[in-house]
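Have a look at the structure below before the remarks.
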Amino acid sequence: MTRPLIGFSVPRTEALGKVTGQSHYVDDLKFPGMLHGITVRSPIARGRIRGILYSPGIPWDEFTIVTAADIPGRNRIALIVDDQPCLAETAINHAEEPVVLLAHPDKQLLEEARRAVALDIEPLPAIFSIDEALAQKVVVWGDDNVFKTFLLEKGDVDKVWADAALIVEAEYETGAQEQLYIEPQGMIASFDAETGITVWGSMQCPYYVNKALMPLLDLPAEKVRVIQTETGGAFGGKEEYPSVIACHAALLARKSAKPVKMIYDRAEDMAATTKRHPSRTRHRTAVDRDGKLLAMDIEFVVDGGAYTTLSTVVLSRGTLHAAGPYFCPNVRIRSNAVATNHPPHGAFRGFGAPQSIFALERQMERVAGALHMSAEEFRRKNFVHQGETLATGQVIQEPVNLEQLLDRAFELSNYHAKLQRFARDNQFAEVKRGIGFATFMHGAGFTGSGERYIGSVVSVEATDEGRIRVLASSTEMGQGTNTIFSQIAGEALGVGLDVVEVAQPDTSQVPNSGPTVASRTCMVIGKLVESANATLTKNSELLPASTFWTTER
């Protein structure tokens with residue numbers, strides 16, 4: 001019997017390649033005749049494009065130049081709403097919006113050329129805050145600057161206020177946050193009139209990129225191939241944005257008939273790509289004399305930036321988590337994702353939940369203080385238990401022992417002793433020290449019906465060499481996907497890690513197992529890997545070599 005693989009620490013399957021430099025990141029790849037690509041961006045946040053000027057002194061005939069007029073299909077980045085242009089054509093809606101693409105073999109001359117392109121833009125009034133967006137003094141999107149709205153209600157909030165012992169109101173804000181992955185955004189594209197487009201790059205979601213390239217280039221699925229290279233970190237920042245840089249590289253490759261590499265430097269990456277959504281949350285909370293929650297009225301708003309991107313999904317998750325792991329009989333959560341003239345905001349670890357949870361936990365501290373009650377006691381009074389309902393109306397069917405989890409956290413951190421010591425020492429210390437705690441719930445995978453909507457697929461192949469090959473579009477980006485899949489497959493089949501290999505995500509070879517986001521890879525896709533291997537084991541006597549077993553959700 002092979003030693004169990006689950007529950008034990010094992011060597012990372014990709015570790016040797018990374019520490020020896022054998023792993024190939026996108027900037028390590030080189031192709032014959034390859035050009036370098038670069039983006040000319042708007043210096044202002046909002047305006048009308050009147051013209052593009054190419055200054056003399058640059059040999060422009062040596063350059064591949066792409067504008068919106070060169071796009072053969074739809075000038076959109078296909079995602080959810082498809083409101084974001086690949087290249088601005090007449091309107092500018094955020095600073096750093098891409099307008100012109102350039103390609104040339106000489107990177108130094110390419111930089112000079114970028115500085116020699118002048119965009120003639122008529123400035124228009126812009127908005128940069130949630131308050132400005134909701135005030136509608138300037139409308140930059142639709143009729144009201146609102147991308148998406150949710151309303152979640154439980155009980156009757158309005159009937160509670162008159163009889164409440166205490167009502168606490170407050171407002172909380174969070175700012176944009178940069179993911180700061182070590183490896184910046186990067187793509188290489190190669191185009192062939194017969195076979196279509198092939199893209200290599202640093203990404204989380206190969207099928208997002210695949211989906212974006214087809215309508216842009218007006219190509220069928222069989223002529224679009226997306227290959228994930230080794231990816232040096234992502235944290236959500238390489239969920240949707242790689243579709244943008246992939247589309248840009250593909251347009252340059254198509255026009256030049258040569259491979260084109262586009263790699264952002266750190267400054268461009270930080271200026272132009274998506275960040276965590278800024279947010280504003282307003283809480284109005286009613287409690288009785290014993291400190292039990294009676295009502296929570298929450299207004300949650302996120303700044304989506306100039307285009308929708310993933311704001312609807314971010315808003316949904318933030319809304320679902322806004323009332324936390326507490327039992328409250330009356331809850332109302334009103335939420336909006338609004339448009340501003342910032343570069344679009346997008347995914348970042350937890351996407352939406354950290355913003356609303358931060359506001360909730362600060363509100364819990366504030367309410368506890370108003371009750372002259374410790375934050376610990378107040379939370380313990382209001383933890384949700386089996387048989388009770390969350391703000392969504394979901395009934396908790398299984399035992400939930402948040403009290404024990406809190407006890408364990410306090411024990412491991414030596415919380416109470418530190419709290420007393422810091423309070424004593426801070427009276428005379430120049431540098432103050434502190435310790436705090438928060439309680440929260442977090443849904444892994446896509447909440448609601450999200451996972452059923454995605455319909456993930458995983459395949460397992462028994463090869464002629466007697467090995468097991470796992471095929472999925474879930475990407476390794478430093479979090480251990482390949483090792484986890486190897487452990488799960490090996491455990492299901494009773495074989496060692498050396499028998500299992502995980503295919504590099506390539507849309508021409510692996511099925512669509514959905515995006516590598518929302519902590520879903522191990523829980524959701526890992527279960528499919530287990531099921532596929534279990535099926536393989538049951539039918540092993542009937543299987544010839546090189547047979548696939550596919551599991552769908």
Side-chain angles (χ1 to χ4, degrees), residues 130-131 134 149-174 279-302 315-336 352-353 355-407 436-443 447-448:
I130 287 172
D131 286 339
L134 293 175
T149 298
F150 290 110
L151 174 62
L152 191 157
E153 292 184 293
K154 169 191 173 185
D156 191 339
V157 169
D158 292 326
K159 287 186 176 180
V160 174
W161 310 115
D163 297 325
L166 178 68
I167 298 172
V168 179
E169 299 183 58
E171 179 176 305
Y172 308 91
E173 294 183 357
T174 64
S279 74
R280 187 198 70 198
T281 309
R282 290 173 174 165
H283 273 269
R284 190 181 189 209
T285 307
V287 293
D288 66 17
R289 296 186 184 281
D290 295 324
K292 295 285 287 184
L293 288 167
L294 297 176
M296 303 170 75
D297 196 1
I298 304 169
E299 180 191 276
F300 176 60
V301 188
V302 298
L315 185 70
S316 172
R317 181 165 289 252
T319 303
L320 293 172
H321 289 74
Y326 304 105
F327 173 69
C328 181
N330 304 285
V331 180
R332 178 168 58 214
I333 305 170
R334 293 167 287 191
S335 62
N336 291 285
Q355 292 96 312
S356 63
I357 291 171
F358 161 77
L360 172 67
E361 287 301 286
R362 294 305 303 149
Q363 179 72 357
M364 294 297 100
E365 296 282 328
R366 191 181 295 265
V367 175
L371 287 165
H372 305 291
M373 185 182 293
S374 73
E376 175 187 348
E377 181 185 0
F378 178 64
R379 284 178 173 84
R380 289 181 186 274
K381 282 180 176 288
N382 292 287
F383 282 151
V384 71
H385 296 99
Q386 185 176 11
E388 295 177 335
T389 56
L390 297 173
T392 60
Q394 176 186 347
V395 179
I396 302 299
Q397 302 286 0
E398 298 176 354
V400 178
N401 197 336
L402 289 168
E403 290 85 356
Q404 185 177 4
L405 287 172
L406 192 59
D407 289 340
F437 73 96
T439 53
F440 69 95
M441 63 176 187
H442 185 74
T447 48

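The first residue of the sequence shown is numbered 1, and numbering continues consecutively from there.
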Residues [X], [Y]: salt bridge by 4.0 Å N-O rule:
| X | Y | value |
| --- | --- | --- |
| Arg284 | Glu299 | no |
| Glu361 | Arg379 | yes |
| Arg380 | Asp407 | yes |

Taking the side chain as every heavy atom from C-beta outward, state whether [X] and [Y] have any atom pair closer than 4.5 Å.
| X | Y | answer |
| --- | --- | --- |
| Gln386 | Gln397 | no |
| Asp158 | Arg332 | yes |
| Thr149 | Ser335 | no |

Atom CZ of Phe150: over 12 foreign heavy atoms under 6.0 Å: yes

Is a side-chain donor or acceptor of [X] paired with a backbone partner of [Y] at a separation under 3.5 angstrom?
| X | Y | answer |
| --- | --- | --- |
| Asn330 | Leu294 | yes |
| Asn382 | Leu293 | yes |
| His321 | Ser316 | no |
| Lys292 | Val287 | no |

Of the non-hydrogen atoms in [X] and [Y], which two are nearest, and what is the gap between them?
| X | Y | value |
| --- | --- | --- |
| Met441 | Ile357 | O-CD1, 3.8 Å |
| Asp288 | Ala165 | C-CB, 3.6 Å |
| Ala370 | Val168 | CB-CG2, 4.0 Å |
| His283 | Ala322 | CE1-O, 4.2 Å |
| Ala368 | Ser374 | CB-O, 4.0 Å |
| His442 | Ala353 | ND1-CB, 4.0 Å |

Worked verdict on Thr439 versus Tyr326 for side chain to side chain donor-acceptor pair (under 3.5 Å): CA-CA 9 Å; Thr439 53; Tyr326 304 105; 2.5 Å; yes

Worked verdict on Glu403 versus Leu406 for side-chain contact (heavy atoms from CB on, under 4.5 Å): CA-CA 5 Å; Glu403 290 85 356; Leu406 192 59; 5.8 Å; no

Atom pair [atom1]/[atom2] of [X] and [Y] - distance to nearest 0.5 Å:
| X | Y | atom1 | atom2 | answer |
| --- | --- | --- | --- | --- |
| Leu151 | Glu153 | CG | CD | 4.0 Å |
| Thr281 | Phe358 | OG1 | CZ | 8.5 Å |
| Glu365 | Phe437 | CD | CZ | 6.0 Å |
| Leu320 | Leu152 | CG | CG | 6.5 Å |

Axial cation check for Phe300 ring with Arg282, 6.0 Å and 45° limits: no

Stepwise side-chain contact (heavy atoms from CB on, under 4.5 Å) check, Leu371 with Lys381: CA-CA 13 Å; Leu371 287 165; Lys381 282 180 176 288; over 6 Å; no

Which atom pairs, donor and acceptor, lie under 3.5 Å between side-chain atoms of residues 388-395 and protein residues at least two apart or in another chain?
unit_1	atom_1	unit_2	atom_2	d
Glu388	OE1	His385	N	2.9
Thr389	OG1	Lys154	NZ	2.8
Thr392	OG1	Gln394	N	3.4

From CA spacing to verdict: side chain to side chain donor-acceptor pair (under 3.5 Å), Gln363, Thr285: CA-CA 8 Å; Gln363 179 72 357; Thr285 307; 3.0 Å; yes

Full working for side-chain contact (heavy atoms from CB on, under 4.5 Å) between Phe383 and Asn401: CA-CA 9 Å; Phe383 282 151; Asn401 197 336; over 6 Å; no

side-chain hydrogen bond (donor to acceptor under 3.5 Å, both in side chains) partner of Tyr172, the single match among Gln355, Arg366, Arg362: Arg366

